[in-house]
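Below is one structure; the comments refer to it alone.
Proteins get letters first, then strands, A, B, ... in listed order; numbering begins at 1 in each.
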Protein chains: 2
Amino acid sequence: MEPKAAIGAFAALAQETRLGVFRLLVQAGPDGLNAGDIAARVGVPASTLSHHLGILERAGLLRAWRVQRQIYYATDYDGTRRLLDFLMQDCCGGVPELCRTDIAKTIDCCPKPAIIQGAS
Amino acid sequence: MEPKAAIGAFAALAQETRLGVFRLLVQAGPDGLNAGDIAARVGVPASTLSHHLGILERAGLLRAWRVQRQIYYATDYDGTRRLLDFLMQDCCGGVPELCRTDIAKTIDCCPKPAIIQGAS
DNA sequence: ACGATAATTCGATATCTCTCGAAATGTCAA
DNA sequence: TTGACATTTCGAGAGATATCGAATTATCGT
């Protein structure tokens with residue numbers, strides 16, 4: 001990932017409405033929500049929301065597709081993963097003993113079922 | 001974590017110099033680097049860097065301490081974890097089957113030793 | 001206390017972005 | 001093809017932030 005792309009993605013998240021939209025869609029899951037529903041949920045005019053959705057999409061944080069007259073948006077999990085990967089790349093210069101901070105555990109998207117989780 | 005705090009943290013990362021500094025310190029590990037060394041590495045004047053370090057520190061992404069005449073900076077792993085946790089909170093509404101994207105694995109700070117890793 | 005070093009604060013300019021209504025685009029049903 | 005709906009694009013004013021040199025503060029060795 002290029003630094004420019006990462007900067008665009010972090011800038012996209014550094015704004016109240018957009019952060020709210022992104023988190024809403026993270027919680028909504030892969031099926032996403034359409035633009036109108038999102039606008040109603042976050043309480044901004046359609047034109048303003050459209051601007052923000054475009055920024056999030058161009059940043060690689062959301063994906064969009066049309067269903068009839070509506071446009072649906074959902075988290076781009078791959079893009080999000082790439083961003084966080086870039087941020088923490090080569091953490092501690094690759095010496096595991098130095099920084100066992102278990103960042104991974106705490107951001108585990110959709111935790112694994114209890115049995116599998118216990119076996120890890 | 002408050003949305004305002006998260007916005008501040010993402011804004012802190014949404015800038016070329018600061019993102020470079022943060023990643024440099026992620027790779028440097030818990031011992032960190034002093035301000036002078038960081039300035040030399042990223043190639044900006046001391047005053048400019050100081051401004052950026054302050055923003056990263058106030059955002060909870062770095063911690064700082066004095067050693068004689070120098071001030072050292074290192075990643076605040078706890079603050080970073082809280083930020084990423086906030087971002088991905090309640091992913092997919094808590095239904096694991098929907099989004100097994102393994103974001104966690106790819107940002108695993110300092111990967112576990114091979115034997116333990118293989119056993120998971 | 002003094003000079004040297006390390007880092008921060010100050011001040012001013014330039015650049016970027018948020019915001020919304022109005023208008024335009026694209027899609028659908030009849 | 002006509003009208004209605006969903007979303008995006010346009011345009012302009014208000015607010016926020018990056019940048020650097022100069023000045024200031026803090027710490028150390030002698």
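- For the pair A/R66 and D/dA6, the criterion of a side-chain N or O lying under 4.0 Å from OP1 or OP2 is not met.
- Heavy-atom nearest nucleotides on DNA chain C were determined for A/A11 and for B/S47, and the one closer to the 5' end corresponds to B/S47.
- One finds no side-chain N or O of A/H51 lying less than 4.0 angstrom from the OP1 or OP2 phosphate oxygen of C/dC20.
- Under the 4.5 Å side-chain heavy-atom criterion for Ile, Leu, Val, Met, Phe, Trp and Tyr, A/L19 and B/L61 are members of the same hydrophobic cluster.
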- [ ] Check the pair B/V67 / B/N34 against side chain to side chain contact (heavy atoms under 4.5 Å, CB included), numbers first and verdict last.
- [x] CA-CA 9 Å; B/V67 175; B/N34 66 57; over 6 Å; no

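- Rounded to whole Å, the distance from CD on A/Q15 to P on D/dA16 is 13 Å.
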Task: Candidate pair B/T48 and B/T17, rule side chain to side chain contact (heavy atoms under 4.5 Å, CB included), full reasoning - done: CA-CA 9 Å; B/T48 301; B/T17 302; 5.7 Å; no

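- Nucleic acid contact for A/I38: none, since no nucleic acid atom lies under 4.0 Å from a heavy atom of the residue.
- Phosphate contact (OP1/OP2 of C/dT19, side-chain N/O of A/H52, threshold under 4.0 Å): present.
- If you measure from atom CG of A/L53 to atom C1' of C/dC18, you get 15 Å, rounded to the nearest angstrom.
- Within the 4.0 angstrom heavy-atom criterion, only backbone atoms of the sugar-phosphate kind lie near A/A35; the bases stay farther away.
- Taking only side-chain atoms of B/S50, from C-beta outward, the nucleotide of D/dG21, C/dA22, C/dT8 with the closest atom is C/dT8.
- Put simply, CG on A/L13 is 16 Å from C1' on C/dT17, counting in whole angstrom units.
- Spacing between atom CD1 of B/I7 and atom P of C/dT17 amounts to 16 Å, rounded to whole angstrom units.
- Close to C/dA7, at under 4.0 Å from its OP1 or OP2, lies no side-chain N or O of B/Y72.
- From B/S50, atom OG reaches atom CD1 of B/I38 across 10.5 Å, with rounding to the nearest 0.5 Å.
- Taking 4.0 angstrom as the limit, B/Q70 places none of its side-chain polar atoms (N or O) nearer than this to OP1 or OP2 of C/dT5.
- Nearest-nucleotide positions on DNA chain C for A/I55 and A/V67 put A/I55 closer to the 5' end.
- Checked for salt-bridge contact, A/R81 and A/D78 meet the test: a charged N lies under 4.0 Å from a carboxylate O.
- For the pair A/E57 CD and D/dT7 C1', the interatomic distance rounds to 13 Å; values are reported in whole Å.
- The distance between atom OH of A/Y73 and atom C1' of D/dT7, rounded to the nearest whole Å, is 8 Å.
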- [ ] Start with the C-alpha distance between A/L83 and A/M1, add both sets of side-chain angles, then the distance that settles side chain to side chain contact (heavy atoms under 4.5 Å, CB included), and finish with yes or no.
- [x] CA-CA 8 Å; A/L83 177 65; A/M1 178 172 223; 4.2 Å; yes

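- Side-chain atoms of B/R69 lie closest to D/dT27 of the nucleotides C/dT19, D/dT27, D/dA4.
- Atom C1' of nucleotide D/dT17 and atom CZ of A/F10 are separated by 19 Å, given to the nearest angstrom.
- Whole-Å rounding puts the B/L49 CG to C/dT8 P distance at 7 Å.
- Terminal axes of the helix from C/dA1-D/dT30 to C/dA30-D/dT1 (five pairs each, C1' rotation axis) are separated by 40°, to the nearest 10°.
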Task: Trace of the side chain to side chain contact (heavy atoms under 4.5 Å, CB included) decision for A/H52 with A/V42 - done: CA-CA 12 Å; A/H52 290 312; A/V42 301; over 6 Å; no

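- Considering only side-chain N and O atoms, B/T48 lies under 4.0 angstrom from the phosphate OP1 or OP2 of D/dC20.
- OP1 or OP2 of D/dT7 has at least one side-chain nitrogen or oxygen of A/N34 nearer than 4.0 Å.
- Taking all atoms of both residues into account, the shortest heavy-atom contact from A/A59 to A/G8 is CB-O, 3.9 Å.
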